[in-house]
Participant: 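First the structure, which I've put down as structure tokens, then a few questions once you've had a look.
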There are 2 protein chains.
Amino acid sequence: MDLPPATAAFVLHFGEMGSRWGINRTVGQIYALLFLSDRPLNADDIVASLGFSRSNVSMGLKELETWRLVRLQHLPGDRREHFSTPEDVWQIVRILAEERRKREIDPTLTLLRDVLLQKPSTEAERHAQGRMHNLHDVISLLTGWANDVQGLPDERLIALLKMGGRVAKVLEATDRFQQIVTGKGRRRGKADAAPRRSAENEKKKDA
Amino acid sequence: MDLPPATAAFVLHFGEMGSRWGINRTVGQIYALLFLSDRPLNADDIVASLGFSRSNVSMGLKELETWRLVRLQHLPGDRREHFSTPEDVWQIVRILAEERRKREIDPTLTLLRDVLLQKPSTEAERHAQGRMHNLHDVISLLTGWANDVQGLPDERLIALLKMGGRVAKVLEATDRFQQIVTGKGRRRGKADAAPRRSAENEKKKDA
DNA sequence: CAGTATGTTCAGTAATTTCTGAAAATTCAA
DNA sequence: TTGAATTTTCAGAAATTACTGAACATACTG
């Protein structure tokens with residue numbers, strides 16, 4: 001590995017970060033390297049830079065492809081496969097969000113919904129279902145939001161994020177405005193994700 | 001492990017999910033169990049339910065404490081330590097977000113800022129720095145937003161999330177309104193995180 | 001077609017992480 | 001104090017995951 005110090009530091013850091021998430025260190029480093037590179041790299045370039053075995057690099061690139069995080073391309077006059085990351089960081093964020101939703105969130109919501117169809121037979125089960133119901137609502141609200149803003153063009157997404165919590169003020173104002181104009185309250189969305197307290201605040205038994 | 005089927009399914013699922021993130025399967029299962037329980041559990045309860053060794057449970061609870069995800073409490077007339085999760089799922093989400101920021105995002109931003117202070121000496125380094133700069137801006141915009149909405153009370157956060165992308169419409173309207181009223185454009189925030197294309201679109205060399 | 005360059009697979013090994021039991025430490029009550 | 005109840009620590013075992021080299025597969029080139 002004979003990289004400029006800044007690149008090396010970044011690559012090592014993302015290797016570590018990767019291993020805190022599902023992605024292993026090798027794959028994290030490969031991605032970091034591709035991300036910083038000013039040209040598409042082939043497998044041997046990566047072997048030369050990071051010192052992993054050829055087969056390890058091959059498998060790492062395969063995994064990155066399943067995440068849709070790298071693009072395979074062929075340079076003119078070169079038979080080897082070259083890889084690059086999207087140029088736009090927002091694009092990377094969008095892809096990551098989609099893949100994580102597909103792999104982690106959706107199966108979780110499915111499980112929760114399945115389980116919630118069953119009739120609880122004891123008090124403890126009833127309580128557990130209430131908890132799962134809460135969790136389901138929170139997760140679907142969060143991912144629904146994410147899904148929704150995914151649809152926005154970069155410019156508008158950025159503007160929205162910059163507003164941060166101040167949006168709440170605007171919302172409030174709009175709300176009041178609508179109330180004044182229409183004479184009624186704002187309509188509610190379908191799923192209210194405020195914490196259900198149904199089975200929650202029972203007296204703690206057992207001592 | 002002699003849990004009701006719904007609870008067992010949930011516990012196993014969160015064990016798997018946990019291991020896709022930094023958290024190991026055991027710890028994930030312990031947390032899932034506590035989350036569903038209608039009363040605080042002690043270490044032996046957990047051993048009985050999940051069948052791990054006592055020491056493993058002890059370490060798992062330690063780890064959950066460092067994440068601030070469980071609360072230690074003593075029941076009257078019982079010397080043993082009992083553990084429970086926050087009742088409010090939003091509270092759990094907030095804690096998770098804070099801890100992940102502290103452990104993963106902040107160190108990453110620090111690294112990026114440090115590296116960006118160095119003067120690039122080659123063209124490739126200059127390009128790499130441009131990429132890191134983009135990434136820094138995106139990450140800080142996203143976490144800034146998260147930080148910001150963390151400050152909102154549950155009710156308002158929920159309302160904001162429900163609005164989803166429609167907020168963009170409101171923003172746009174507000175924007176136009178301000179332009180009309182003040183006669184100028186909306187002021188920009190300090191850091192514009194739109195992708196910098198500076199070093200990006202060079203001709204690809206090397207073939 | 002033969003030969004070469006490139007990419008993939010996979011069985012075995014290495015490294016890492018997780019888990020356990022036994023011992024030590026701590027806490028509390030008498 | 002002593003001793004019982006409880007929790008923690010930690011060295012080693014077990015399990016899992018990551019990595020490698022060599023063999024195999026594929027695709028081009030002349």
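The chains referred to below are lettered A, B, ... by the order of the sequence lines, with proteins before strands, and numbering in each begins at 1.
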Participant: Could you state the CZ-P distance from A/R20 to D/dA18, rounded to the nearest angstrom?
Facilitator: 16 Å

Participant: Got a sec, which residues hit side chain to side chain donor-acceptor pair (under 3.5 Å) with A/T26, two or more places apart in sequence or on another chain?
Facilitator: none

Participant: For A/L69, which residues count as a side-chain contact (heavy atoms from CB on, under 4.5 Å) partner, sequence neighbours excluded?
Facilitator: A/Y31, A/L64, A/W67, A/I92, A/I95, A/L96

Participant: Could you check B/S19 against B/K62 and say which one's nearest nucleotide on DNA chain D is further toward the 5' end?
Facilitator: B/K62

Participant: What pairs of residues pass the salt bridge (charged side-chain N to carboxylate O under 4.0 Å, His left out) test when at least one of them lies in residues 103-118 of chain B, not counting sequence neighbours?
Facilitator: B/E99-B/R103, B/R100-B/E104

Participant: A/H82 has an atom NE2; how far is it from atom C1' of C/dA5, in whole Å?
Facilitator: 14 Å

Participant: Excluding sequence neighbours, so at least two apart, what forms side-chain contact (heavy atoms from CB on, under 4.5 Å) with A/E65?
Facilitator: A/K62, A/V70, A/L72, A/F83

Participant: Taking atom P of C/dT9 as reference, at what distance in whole Å does atom CG of A/L61 sit?
Facilitator: 13 Å

Participant: Can you check the A/R80 CZ to D/dA27 P distance for me, whole Å?
Facilitator: 18 Å

Participant: Using side chain to side chain donor-acceptor pair (under 3.5 Å) as the criterion, list what pairs up with B/S84, not counting sequence neighbours.
Facilitator: B/Q73

Participant: Which of parallel (below 30°), tilted (30 to 60°) and perpendicular (above 60°) describes A/W21 and B/W21?
Facilitator: tilted

Participant: List in chain and number order the residues that pass side-chain contact (heavy atoms from CB on, under 4.5 Å) with B/L152, two or more places apart in sequence or in another chain; answer none if no residue qualifies.
Facilitator: A/A168, B/V149, B/R156, B/L157, B/L160

Participant: Do nucleotides 19-30 of chain C as a string where each nucleotide becomes B, S or -: B if the base has a protein heavy atom under 4.0 Å, S if just the sugar-phosphate does, - if no protein is that close.
Facilitator: SBB-----BS--

Participant: Checking B/F14 now: which residues fulfil ring-ring contact (aromatic ring centres under 6.0 Å, His included) with it, not counting sequence neighbours?
Facilitator: B/F10

Participant: In whole angstroms, how far is the C1' atom of D/dT17 from the CD1 atom of A/I23?
Facilitator: 15 Å

Participant: Rounding to 10°, can you tell me the angle the first-five-pair axis of the helix from C/dC1-D/dG30 to C/dA30-D/dT1 makes with its last-five-pair axis?
Facilitator: 20°

Participant: Could you give the CG-to-P distance, from A/N42 to C/dG7, as a whole number of Å?
Facilitator: 7 Å

